[in-house]
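Step one of this worksheet: look at the structure below.
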Amino acid sequence: MPTWCSAALLLAACLLAACKERESPTQSMERKLRTHAACRQPAGEDVIYTTAAGFRFAVPAWTDVSAFETTYNARCEVESMILDFAWIDGRLLPIPHEPKDRSRAGIAWPERYDTLRLALSFRPPAMDAAPYRPYTCAAKTPVHHYPELGLRMCPQWAQAKPEAPVLAFWPRFEIVDDSEYVTSFSCGDRDFVGHPVAQLPDVEVAYSCRGYWRWRPGAHAMFDFGPGKVLRKSASVMRAARATLDGWIVTAPAPAQGRSHGG
């Protein structure tokens, strides 16, 4: 058989195999549900997740963790997941899967509240790159400090030349702490532009602001927080997020890695 003919047959076979293995939307949903059920470890009122970053953490079982927004590798380790929280009266509370579980917070749940969404990703800590400095406020001008809020502000992209009392550039905000990795966020490009720099903490953000956060080695998150006076709350919210997730860490050894999720 000519070489070109063999190649054509091989290509056709590959295409047929691809068509045969392609999942329907229903099959994909069912697979995700099976994987989610098999890879989580119920433990009393918690569910324990083993992460691809090499640690485990326990999330309250009543918390809304979607099977369709959680991904696992072949060893049943979580590679990504989404956690939603409410910020109410200075407290960060997991948002329950069912409204009836709001009573677990021990407070009257208001009709409206700020939200924090953490889109977490996990990987081996050895894959963490060194902090990249050129985009941080340490390398830009001008830099405005809000020490009472634990924040600083600088241009998001280009260097702003003259320093003016009214903001004329799209700002980047950074939380000032002792972390090696800078926690930063930005809001809509029109939320703060045109306002007096000194009055930015009192600007009302209409929707939410998005940022990037390193929780611990191998564990990173993109976060969305708002609306309202975001600058006045952001540092407190992220400190609370760290304290909450640190409190969920399970120190016992991870189970054997030979477990299959049957996905």
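FYI, the numbering just counts along the sequence from 1. In what follows, every heavy atom counts, from backbone to side chain, and hydrogens, waters and symmetry copies are set aside.
- Remark: side-chain polar atoms of W62 are not paired, donor with acceptor, to backbone N or O of I95 under 3.5 angstrom.
- Applying the 6.0 Å contact sphere to CD of E45 captures no more than 12 heavy atoms from other residues, nucleotides or ligands.
- Separating the CH2 atom in W109 from the CD1 atom in I88 is a distance of 4.5 Å, to the nearest 0.5 Å.
- Enclosure of atom OH in Y207 is not indicated, since only 12 or fewer non-hydrogen atoms of other residues, nucleotides or ligands lie within 6.0 angstrom.
- A 4.5 Å side-chain heavy-atom check between P94 and W248 finds at least one atom pair inside the cut-off.
- The shortest side-chain heavy-atom distance between D114 and P227 falls under the 4.5 Å cut-off.
- Scanning all heavy atoms of the two residues, the minimum distance from A53 to P217 falls at CB-O, 3.9 Å.
- What you find for I48 and A43 is that their closest heavy atoms are CD1-CB, 3.7 Å.
- In this structure the side chain of L200 reaches within 4.5 angstrom of the side chain of M153, judged on heavy atoms.
- In H195, the NE2 atom is crowded: over 12 heavy atoms of neighbouring residues, nucleotides or ligands sit closer than 6.0 Å.
- Using a distance-only test at 3.5 Å, with no hydrogens or angles considered, no donor-acceptor pair links the side chain of D202 to the main chain of Q199.
- Using bins of under 30°, 30° to 60° and over 60° for the plane-to-plane angle, the ring pair H220/Y181 lands in the perpendicular bin.
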Would K233 and L149 satisfy side-chain contact (heavy atoms from CB on, under 4.5 Å), going step by step from the backbone distance to the final call?
CA-CA 8 Å; K233 299 172 279 192; L149 302 177; over 6 Å; no
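- By the 4.5 Å heavy-atom criterion applied to side chains, S186 and R172 are not counted as neighbours.
- A salt bridge is defined here as a Lys NZ or Arg NE, NH1 or NH2 lying under 4.0 Å from an Asp or Glu carboxylate O, and D84 with R117 meets this definition.
- Considering only heavy atoms from C-beta on, R210 comes within 4.5 Å of M222 through its side chain.
- Between D128 and R214, at least one side-chain N (NZ, or NE/NH1/NH2) sits under 4.0 Å from a carboxylate O, which counts as a salt bridge.
- Between V205 and K229 there is no side-chain heavy-atom pair separated by less than 4.5 Å.
- Annotation: cation-pi geometry satisfied between R216 and F55 (NZ/CZ under 6.0 angstrom from ring centroid, within 45° of ring axis).
- R242 contributes atom CZ, which lies 13.0 Å from atom CG of L92 (distance to the nearest 0.5 angstrom).
- Residue R152 is tested with E174, H144, H145 for a side chain to side chain donor-acceptor pair (under 3.5 Å); the sole match is E174.
- Between the side chains of S80 and S121, not a single donor N or O lies within less than 3.5 Å of an accepting N or O.
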One pair to check against side-chain contact (heavy atoms from CB on, under 4.5 Å): Q41 and Y49. What are the steps and the verdict?
CA-CA 7 Å; Q41 294 176 270; Y49 296 86; over 6 Å; no
side-chain contact (heavy atoms from CB on, under 4.5 Å) between L116 and L118: does it pass, once the steps are laid out?
CA-CA 6 Å; L116 172 70; L118 294 177; 4.2 Å; yes
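- What you find for L167 and V197 is that their closest heavy atoms are N-CG2, 3.9 Å.
- Tested against E79, the residues N73, T51, T70 include a single side chain to side chain contact (heavy atoms under 4.5 Å, CB included) partner, N73.
- Remark: the backbone N or O of Q156 is paired with a side-chain donor or acceptor of K140 at under 3.5 angstrom.
- Y135 OH: 12 or fewer foreign heavy atoms inside a 6.0 Å radius.
- Under a hydrophobic-cluster definition in which Ile, Leu, Val, Met, Phe, Trp and Tyr are linked whenever side-chain heavy atoms come within less than 4.5 Å, directly or via other members, V203 and F169 are assigned to the same cluster.
- Partner of F173 under the ring-ring contact (aromatic ring centres under 6.0 Å, His included) criterion, chosen from F185, Y212, Y146, F225: F185.
- Residues V143 and C137 come closest through the heavy atom pair CG2-O, 3.3 Å.
- Counting heavy atoms from C-beta outward, S184 and W213 have side chains that stay 4.5 Å or more apart.
- The two residues L151 and V176 make their nearest non-hydrogen contact at C-CG2, 3.9 Å.
- Note: R239 CZ to T244 OG1 = 12.5 Å, rounded to the nearest 0.5 Å.
- Checked by atom type, the side-chain pair W215/D246 shows a donor-acceptor distance below 3.5 Å.
- Distance check, rounded to the nearest 0.5 Å: CG of L120 to CE of M81 gives 7.0 Å.
- Residue S66 holds its OG atom at 7.5 Å from CD1 of I82, rounded to the nearest 0.5 Å.
- L93 and Y113 end up in the same hydrophobic cluster when Ile, Leu, Val, Met, Phe, Trp and Tyr side chains are linked at under 4.5 Å.
- Taking each heavy atom of F122 and A52 in turn, the nearest pair found is O-CB, 3.6 Å.
- When the side chains of ILVMFWY residues are joined at heavy-atom separations under 4.5 Å, either directly or via intervening members, V237 and V182 end up in two distinct hydrophobic clusters.
- Checking V59, V78, V47, T50 one by one against R40, the side chain to side chain contact (heavy atoms under 4.5 Å, CB included) holds for a single residue, V47.
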